[in-house]
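In what follows, every chain begins at residue 1, and chains take the letters A, B, ... in the order their sequences are listed. Below, each value reflects all heavy atoms present in this structure, side chains not excepted, and no hydrogens, waters or symmetry copies.
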Amino acid sequence: MLQAQDIHFCIRSMPIINKASISLAPGELTVILGPNGAGKSTLFKVLAGEIPCKYGKVVYNGFPISGFSAKNLALVRAVMPQHSSLSFPFKALEVVELGLLASGNSYRPDLVEEVMEETQTLHLKEKLYGDLSGGEKQRVQLARVLTQIWDKKPFSRYLLLDEPTSSMDIALQHHVLRIIHKIKKRNIGVLAILHDLNLAANYADKIILLKKGSIIHQGPVNEVMTSAQLEQVFEHPIQVFSGSDKNPMIIQSIPFIQNHLEIKLA
Amino acid sequence: MIQTLTYRKTKYQNLVLGLMGIALASVSVLSLSIGAFHIPISHVLGILADTLGLGFIDYSQQEYNVLLQIRLPRIMMAVLVGGGLGVTGAALQGLFRNPLVEPGLIGISSGGALFAVVFIVFGSSLPFLGYFGGIGLPLFAFLGGLINTLLVYKMGSTTGKTDISLLILAGVALNALSGALIGLVIFYADDAALRNFTFWSLGDVGGANWSKVGISFLLISGPVMLVLSQFKNLNALSIGENEAFHMGVDVQKVKYILLFSSAMIVGTAVAFTGTIGFVGLIVPHLIRMMFGADHRLVLPGSLLLGAFLLTFADLLARTIVMPSEMPIGIITAIIGAPFFIWLIINVKKIRS
């Protein structure tokens, strides 16, 4: 279990994260949603151990994060940031192999091949990372972080993803979320920041709605993703069509023009 | 099943490094032979074999003396300093995540030079400095290099990321300040020290003797081994400091290891051979262009190629204006500066 209790993070006495408490169980995908500047990335960094929180604590599998060495923490959680650029011309395969660093064993062709197959990056392995498209780069980075926690271990692992599908086309977005859905079974808990409400609604197990540094609502998708609560967080009219066994849930933001707002403004 | 690059690379890495070792040995023997006083290669090999107790060829006592007292220490100094500068360049480029970084450019060399000059000029008048003996000069230069390294690092980075324009500007500022302070110290120096300094500031391996080689070996080999051991961490750092931390690298520790080692290597090099520029810039690039960016090969490759290049540059310095000598720093700058210009023009392509 990944738990955060009353995390508080300030920059110049302005709270960026205000008393946020969350818990992420292995086998679960939790999606963080919220408008720009809500503190999503900051919350993400605190959970990843990148920045320490002043008050409150982050606990991985019952152990406070402050007691982990960088290496041990890397065995428990992997992190995929929004953008990664490389300063030197590495090949895609070399980037994926970096995920083996914490395990101390860089001879794992079986593991690397399995992950690259899964992320559809095997055909890119000999290409230079810098020559790849945005979507390809994201998949290679995803392969890298999956490599880090792929091996089954006696303890649960966690995967933190910051907008993992931002540069991908629709088919790839669904492909990536299917991969995430699959890896949950490996005793891995996944926390992702997403911008696409429909992807979140149809793949997540739990949703966290964040606004101005505070968690407004959190819980199962059906309870959290209601029109009223989404409108409250995003300050924009949003319609929710609840799904069924056969049909996906559809979330629609209402265009201004339809509301005749534009005419009013004129 | 795909073969991991790691597996394939270790196989051919040994081949590449072996070939580079042979090239280094060849240029060293050539350099031992050629010079104002010519020693045939067969005699060079004979004398070297004889010192190991395997004499098989006749040679003159003069040849023996020139080789063992003048040329061999000089070439060993070139190998040590060249290798050290090469590997330092590779490490700093990896750490700063930028292919334009070089010990001379970001002020490490000038910091080392400033402290070395202070030691040379005031060393005799401050008795406590005398306690250090022959090791005082390189240690002092190390201190100067370290101060500038830390300052440049602090000035050039914002929230864990180094901004290359800030970094280069910080280097320019520190170079200017160190240069001015060196000038101030020189102002109080006598004529002999002045002439000495001019040659030294352009880089010179000619003053090498066995005690300097011994001290350099002691001070350089340790930090070089430390840097070589960091290849995995440097690979991780090339995605970014945060990402390296996510992957399990103790970034702060790696930073200190690399900065201390670099200052130690460059400080020692500066103390004994003056400021020799561009080796640390060119060498890692050549290796990357030939064999890719993996530090597993870039670090030891830069060590060997740096040693090779400086030995070769020393050979040129000793022979093109024979029987006189040209400062080696002029040779490396004449080769290095155009390369640097080419690099700036092509930096977008290289950084991918």
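- Contacts of R144(A) with chain B are made by side-chain atoms alone, with heavy-atom separations under 4.5 Å and no backbone atom involved.
- Counting heavy-atom neighbours within 6.0 Å of F155(A) CZ, excluding the residue itself, gives a total above 12.
- Other residues, nucleotides and ligands place no more than 12 heavy atoms under 6.0 Å from the CZ atom of F260(B).
- When the shell of 6.0 Å around NE2 of H123(A) is examined, it contains more than 12 heavy atoms from other residues, nucleotides or ligands.
- In this structure, the portions of A48(A) lying under 4.5 Å from any heavy atom of chain B include both its backbone and its side chain.
- The 12-atom threshold is exceeded at NZ of K232(B), counting heavy atoms of other residues, nucleotides or ligands nearer than 6.0 Å.
- Of the two parts of E50(A), the backbone and the side chain both hold a non-hydrogen atom closer than 4.5 Å to a non-hydrogen atom of chain B.
- The number of heavy-atom neighbours closer than 6.0 Å to CZ of F339(B), taken from other residues, nucleotides and ligands shown, is above 12.
- For Q141(A), the part lying near chain B is the side chain, with the backbone staying farther off; criterion is any non-hydrogen pair under 4.5 Å.
- With rounding to the nearest 0.5 angstrom, the CZ atom of F90(A) is 4.0 Å from the CG atom of N235(B).
- Residue-environment remark: CE (M290(B)) exceeds the threshold of 12 foreign heavy atoms within 6.0 Å.
- For NZ of K184(A), the number of neighbouring non-hydrogen atoms (other residues, nucleotides, ligands) closer than 6.0 Å is greater than 12.
- Contact of L98(A) with chain B is made through backbone and side chain together, with heavy-atom distances under 4.5 Å.
- Ranked by non-hydrogen atom pairs under 4.5 Å with chain A, the options S238(B), A236(B), G94(B) are led by S238(B).
- Using a 4.5 Å heavy-atom cutoff, the side chains of R97(B) and F88(A) are not in contact.
- Taking non-hydrogen atoms and a 4.5 Å limit, the residue list of residues 243-253 of chain B in contact with chain A, ordered by number, reads E243(B), F245(B), H246(B), M247(B), G248(B), V249(B), D250(B).
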